[in-house]
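Below, chains carry the letters A, B, ... as their sequence lines are ordered, and counting in each starts from 1. No experiment lies behind these values; they were computed from the predicted model shown.
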2 protein chains.
Amino acid sequence: MAKKKTSIKDIAEALGISITTVSFIINGKAREKRISEEMTQKVTDYIKKIGYKPSHLAQSLRLGKSRVIVFMVEDISNQFFASIARLIEEKAYKNGYKIIYCSTDNDVNKAKELISTFKMRNVDGFIITPTPDLETTIISLMEEEQALVLFDRWIPELDTSYVVVENQKSAKEATLHLIDQGSKNIGFVTVDSNQTQMLDRLAGFQEAITEKGSNQETLKISPFIIEKKQISLHIQDFLTMHPSLDALFFSTNYLAFEGLLALAALGKKIPEDIKILSFDDHYLFNLYQPKITSIEQPLEAIAEKLMESILGQLDAEAPSKPPQKVVLPNKLNIRESSLKGF
Amino acid sequence: MAKKKTSIKDIAEALGISITTVSFIINGKAREKRISEEMTQKVTDYIKKIGYKPSHLAQSLRLGKSRVIVFMVEDISNQFFASIARLIEEKAYKNGYKIIYCSTDNDVNKAKELISTFKMRNVDGFIITPTPDLETTIISLMEEEQALVLFDRWIPELDTSYVVVENQKSAKEATLHLIDQGSKNIGFVTVDSNQTQMLDRLAGFQEAITEKGSNQETLKISPFIIEKKQISLHIQDFLTMHPSLDALFFSTNYLAFEGLLALAALGKKIPEDIKILSFDDHYLFNLYQPKITSIEQPLEAIAEKLMESILGQLDAEAPSKPPQKVVLPNKLNIRESSLKGF
DNA sequence: TTGAAAGCGTTACCAG
DNA sequence: CTGGTAACGCTTTCAA
């Protein structure tokens, strides 16, 4: 494949000077090393002429840094992760870093394998949404002093940097809103896993319920259901088993979409028959009739903090700080689906 | 950062043997090089014990291959691209390749810069949705005999591998369906650009119109409109200016979503007042009331062909084939939004 | 002001 | 069967 690439050596030979000189000039150390103006000029001109680009690979090997950051999420085709990815990518490129994405499917073994292969690629930093049981691997990453930041969920036992949102607080607030709108019997539909963000959302929900003495039912959908259709059917069953439910809180948007389908199948009217609301805003919540109330995570801020944290750890100049633990506020977008008088 | 990593040299020293031997064993050439069973055993045991992993960086430098493929799309947060990315990623990992994603925003300069920086990272292959005016860069890639495959759109003048879908045929078929359902005056809403896929869709639409002698109007939305709201307003204007339109064909799903918003604002009923249909299926088209008719691209097949093509080019064993030009069929999902009697 | 050479971690050729 | 060593492309120390 690919024609032989010109190397720094070729340049040196062509110009009849040493590799060192070329290297210094390329790396902007001409001044510092007091290389003559004309030499510098000659070299830069030649480089521009032949369009030489140094090999990042060789640089990485030599310097022990690759300027690559891994962004490891549950599923990159998920809108939430894809959006963050997009924002991260932008900020990374601006700082001379590249991003490698990968999806874990929330499978520990896949995650472990991925981390191991990335370590041997000398990536500089890891941004990870941890799968269950990933503690030991994360610990080894910490021991090796790798730049690391968790997001979306974190591991309570570990003292790592992370960026998450106020799951519990927002879930509580949203639940209170539902109660405030007259809901007396609220169903919480979530995914059956012990990821912190899901647990916190449930906790927030229950806190509100307890506080106000309302009734509640909870449906935990197995994360192993691949076929979406199944999810919708589960929700239908849930609704028929608990006919008195007058509101539904979905812990994440894809569950809400399935819920919408279930509700339509049962001929339930939103919000007259049943009010609904979901965590994780989605562009289409604003489009659906009625518009769906939801809790919006601050994508931009999450990406910002993530990069700030990882870049901070990567900055050799800066003194190494203690792990940064960032918890960002969400925004409750109240729309038609949860309103009493609508 | 990171503790000193153990290298092949450390292993050789620790075991009192040569680097070469270790290297052979690691690379499974023990048999071939007729290294003794016990030596092999000793080394593999030791490697397992200390958990040694070879440096991919050094391997890449040495071998001139990085086992990295770049996936360069317009916008990775777009559902279509994110879904393909997910599928590609899976297939790549299975073959020992990693994927680096990046978004061009359909901006030539960004694309050029990206390609240049990836070249110096010795990536092995490029999967690209070309931006306008990217010809020269693509040509230089071809001259360097880089593994390359375009997708979503391609560059007619260039003899590259590509994977696209039957845009024209499907658009025509969909338009005929609309006419068949009694539409007499169809509006085509597209993005104002000369990307091949959009042009082909328009061509297919017009072909059907001409063939059947129907009426048509076309609205081209500038790709520079960032604010979605604006798009929706444009569509509203379009509809009020052409009140006789009885069907709308959206060339891509995000335009359809905005169209839905516009239609709702104008109080138009689908499909009674106006029928609609869109290119690029979306999970939510099936959820909306009424369900939206759309043309579904074969994501899985696209990803499959893309990887097949790039891996084929990367396979040193295989004789270099002429560029593979793949055109995949789509599927017209007829749903409620385009049906007469609904 | 410039150059020689070591070294980053591998692979693979050539000896023995 | 095993080992020495050049080379991949670069940075950087030390020397001139």
Side-chain angles (χ1 to χ4, degrees), chain A residues 1-43 47 50 52-67 117 119-124 316, chain B residues 1-44 47 50-67 117 119-124 316:
Chain A
M1 312 265 145
K3 299 251 171 70
K4 215 186 76 212
K5 304 192 49 166
T6 53
S7 78
I8 199 171
K9 193 171 153 195
D10 300 324
I11 298 179
E13 265 170 19
L15 261 36
I17 57 176
S18 89
I19 291 181
T20 316
T21 311
V22 180
S23 174
F24 283 152
I25 294 174
I26 290 173
N27 293 303
K29 302 202 177 158
R31 267 265 129 65
E32 187 185 326
K33 298 292 177 181
R34 295 189 295 179
I35 289 171
S36 69
E37 273 296 311
E38 54 174 344
M39 175 99 287
T40 309
Q41 198 50 249
K42 194 169 74 177
V43 174
I47 285 178
I50 64 167
Y52 164 81
K53 300 275 179 197
S55 154
H56 254 282
L57 226 52
Q59 285 179 327
S60 299
L61 181 59
R62 180 62 233 242
L63 301 175
K65 328 206 139 293
S66 58
R67 296 194 83 81
T117 78
K119 273 205 277 196
M120 67 200 221
R121 273 171 188 280
N122 283 42
V123 304
D124 291 347
Chain B
M1 313 262 146
K3 299 251 171 70
K4 214 186 78 211
K5 305 193 48 165
T6 52
S7 78
I8 199 171
K9 195 172 151 195
D10 301 323
I11 299 178
E13 265 170 18
L15 261 37
I17 56 177
S18 90
I19 291 181
T20 315
T21 311
V22 181
S23 174
F24 282 151
I25 294 174
I26 289 173
N27 294 302
K29 301 199 178 159
R31 268 265 129 66
E32 185 186 327
K33 298 292 175 180
R34 293 189 294 177
I35 288 171
S36 67
E37 273 296 311
E38 52 174 345
M39 174 99 287
T40 309
Q41 198 51 248
K42 194 170 72 178
V43 174
T44 39
I47 285 178
I50 64 168
Y52 162 81
K53 301 275 178 197
S55 154
H56 253 284
L57 227 50
Q59 284 180 327
S60 300
L61 179 59
R62 181 63 234 243
L63 300 175
K65 326 206 142 293
S66 58
R67 296 193 84 80
T117 77
K119 272 204 279 197
M120 67 201 220
R121 272 170 188 281
N122 281 43
V123 303
D124 291 347

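Rounded to whole Å, atom P of C:dA4 lies 14 Å from atom CD1 of A:Ile8. Taking atom NZ of residue A:Lys119 and atom P of nucleotide C:dG9, one finds them 16 Å apart after rounding to whole Å. Per the geometry, NZ belonging to A:Lys65 stands 23 Å off P belonging to D:dG9, to the nearest Å. With rounding to whole Å, A:Arg67 atom CZ is found 16 Å from D:dC10 atom C1'. Residue B:Ile17 contributes atom CD1, which lies 14 Å from atom C1' of D:dG4 at whole-angstrom precision. Taking atom CD1 on B:Ile25 and atom P on D:dC1, their separation rounds to 12 Å, with Å as the unit. Atoms NZ (B:Lys9) and C1' (C:dA6) sit 11 Å apart, rounded to a whole Å. Remark: C1' of D:dG9 and CG of A:Asp10 are 10 Å apart, rounded to the nearest angstrom.
For A:Ser23, the side chain to side chain donor-acceptor pair (under 3.5 Å) criterion is met by A:Asn27, not counting sequence neighbours. Looking at residues two or more places apart in sequence or on another chain, you find a salt bridge (Lys or Arg N to Asp or Glu O under 4.0 Å) between B:Glu37 and B:Arg31. Residues passing the side chain to side chain donor-acceptor pair (under 3.5 Å) test with B:Ser18, sequence neighbours excluded: B:Thr21. A search for salt bridge (Lys or Arg N to Asp or Glu O under 4.0 Å) contacts involving B:Glu38 returns nothing, not counting sequence neighbours. Checked against side chain to side chain contact (heavy atoms under 4.5 Å, CB included), A:Lys42 has the following partners two or more places apart in sequence or in another chain: A:Leu15, A:Met39.
Taking the nucleotide of DNA chain D with the nearest heavy atom to each of B:Ile35 and B:Leu61, the more 5' of the two is matched to B:Ile35.
Distances from the side chain of A:Ser36 to the nucleotides C:dG3, C:dT10, C:dT1 place C:dT1 closest. For B:Ser55, taking side-chain heavy atoms from C-beta onward, the closest of the listed nucleotides D:dT2, D:dC10, C:dT10 is C:dT10.
Heavy atoms of A:Leu57 sit nowhere under 4.0 angstrom from any nucleic acid atom.
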Between the protein and nucleotides 12-16 of chain D, are there any N/O to N/O pairs under 3.5 Å, and if so, what are the atom names and distances?
{"residue": "D:dT12", "atom": "OP2", "partner": "A:Lys29", "partner atom": "NZ", "Å": "2.9"}

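Dashed line: the shortest gap from a side-chain N or O of A:Tyr52 to OP1 or OP2 of D:dG9 is not under 4.0 Å. Between B:Gln59 and C:dG9, a side-chain N or O to OP1/OP2 separation shorter than 4.0 Å is absent. Between A:Thr21 and C:dG3 there is a side-chain N or O to OP1 or OP2 distance below 4.0 Å.
With contacts defined as side-chain heavy-atom distances shorter than 4.5 Å, the pair A:Lys65/A:Ser60 does not qualify. You'll find the side chain of A:Asp10 stays beyond 4.5 Å of the side chain of A:Tyr52, heavy atoms only.
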